[in-house]
Trainee: 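Encoded as structure tokens, here's the structure I'll be asking about.
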Amino acid sequence: MLREGGNYHRGISPSNLRFYRTSCGRVIGVLNDYDLSFSQNDCPRGNERILGTVPFMPTDLLTPSALESKVEHVYRYDVESFAWVFVWVCLQYRDGKLRQKRRPLDQWLALKVDALMCSMLKSHFLMLMCHEHKTRPSSSHRDNWVLAQTLLDSVGLFYAVATDDDDVVFQMWLKDPVESLTTV
């Protein structure tokens, strides 16, 4: 819906995502809290103020030029934010509650005021730690972790093959990874 309507949320974080189960067990996700969002049809583009929660912001928005508000928000940024939130939930939560021990991403929050350091930590995680055998999700998120790793592989691929085409991003970052896991 966001992609097709040309809408940008710009603040995807765990607190903005909810889900519920239907009577037949299907899980339905809901994205809420649109106070930072805008539509490409009614808002000027370029030199936009950078908004969001640092640990979940795309790495492109954690650069010096982005922090000086010299970027244009694109769909890919919302998708990457969603991927980081999904990783966060898999590694930091168990059975819907924050884990008491072994939360490997706590350092991202400890450095929340330093966006550049958070960007380096996330880049390191993306390139080295995502598939490290010591990086383990909680028992309640083992199945989700496979999808989280696949989403991050798509993010990593972007940095090798850069594109801001919404349809390409949707296909490569969301549709293909989800379909590859659901057709197995």
Trainee: Looking at R99, I'd like to know if its CZ atom is crowded, meaning that more than 12 non-hydrogen atoms belonging to other residues, nucleotides or ligands lie closer than 6.0 Å.
Mentor: yes

Trainee: Where do L147 and F86 land on the side-chain contact (heavy atoms from CB on, under 4.5 Å) test, with the steps shown first?
Mentor: CA-CA 9 Å; L147 177 58; F86 200 67; 3.9 Å; yes

Trainee: Determine the sole option in V54, L105, T59 for which the side chain to side chain contact (heavy atoms under 4.5 Å, CB included) test with K122 is passed.
Mentor: T59

Trainee: Go through the steps to decide whether F125 and W108 satisfy the test ring pair (Phe, Tyr, Trp, His ring centres under 6.0 Å), and finish with yes or no.
Mentor: CA-CA 11 Å; F125 181 86; W108 294 3; 5.8 Å; yes

Trainee: What is the minimum heavy-atom distance between P55 and C118, and which atoms define it?
Mentor: CA-SG, 3.9 Å

Trainee: What's the separation between atom CE in M172 and atom CG in L151, rounded to the nearest 0.5 Å?
Mentor: 12.5 Å

Trainee: Using 0.5 Å steps for rounding, measure from the SG atom of C90 to the CZ atom of R136.
Mentor: 15.0 Å

Trainee: Using every non-hydrogen atom in the two residues, find where F56 and S81 come nearest and quote the distance to one decimal.
Mentor: O-OG, 2.9 Å

Trainee: Any side-chain heavy atom of T150 within less than 4.5 Å of one from D176?
Mentor: no

Trainee: Could you check whether atom CG of D143 has more than 12 heavy atoms from other residues, nucleotides or ligands sitting under 6.0 Å from it?
Mentor: no

Trainee: Applying side-chain contact (heavy atoms from CB on, under 4.5 Å), run through W145 and T135 and close with a yes or a no.
Mentor: CA-CA 10 Å; W145 183 238; T135 304; 3.9 Å; yes

Trainee: Which value, rounded to the nearest 0.5 Å, describes the distance between L116 atom CG and L121 atom CG?
Mentor: 11.0 Å

Trainee: Where is the tightest heavy-atom contact between S15 and R18, given as atom of each residue plus distance?
Mentor: O-NH1, 3.3 Å

Trainee: Between L126 and W84, is the side-chain contact (heavy atoms from CB on, under 4.5 Å) condition met? List the steps.
Mentor: CA-CA 10 Å; L126 182 63; W84 289 118; 4.1 Å; yes

Trainee: How about D78 and E80: do any of their side-chain heavy atoms sit closer than 4.5 Å?
Mentor: no

Trainee: Which atoms form the tightest heavy-atom contact between L152 and A83, and what is the distance?
Mentor: CD2-CB, 4.4 Å

Trainee: Any chance you could measure N144, atom CG, to Q149, atom CD, to the nearest 0.5 Å?
Mentor: 11.5 Å

Trainee: Using the rule that Ile, Leu, Val, Met, Phe, Trp and Tyr join whenever any side-chain heavy atoms are under 4.5 Å apart, tell me whether L98 and L109 fall into a single cluster.
Mentor: yes

Trainee: Looking at every non-hydrogen atom in both residues, tell me the closest pair between S138 and Y93 and how far apart they are.
Mentor: OG-O, 2.7 Å

Trainee: How about CD on E132, more than 12 heavy atoms from neighbouring residues, nucleotides or ligands closer than 6.0 Å, or not?
Mentor: yes

Trainee: For a side-chain contact (heavy atoms from CB on, under 4.5 Å) check, start with the C-alpha distance between D106 and Q92, then their side-chain angles and the critical distance, and finish with the verdict.
Mentor: CA-CA 8 Å; D106 275 354; Q92 302 288 100; 2.8 Å; yes

Trainee: Determine, for R76 against D166, whether the closest basic-nitrogen to carboxylate-oxygen distance falls under 4.0 angstrom.
Mentor: no

Trainee: Would the distance check show the side chain of S123 and the main-chain N or O of S119 forming a donor-acceptor pair, the cut-off being under 3.5 Å?
Mentor: yes

Trainee: Do the side chains of V30 and V85 join up, straight or via other hydrophobic residues, at under 4.5 Å, putting them in one cluster?
Mentor: no

Trainee: Quick one: closest heavy-atom pair of R21 and G25, and the distance?
Mentor: NH1-O, 4.1 Å

Trainee: Indicate if L31 and F19 have the same hydrophobic cluster label, given that clusters are the connected sets of ILVMFWY residues with side-chain heavy-atom separations under 4.5 angstrom.
Mentor: no

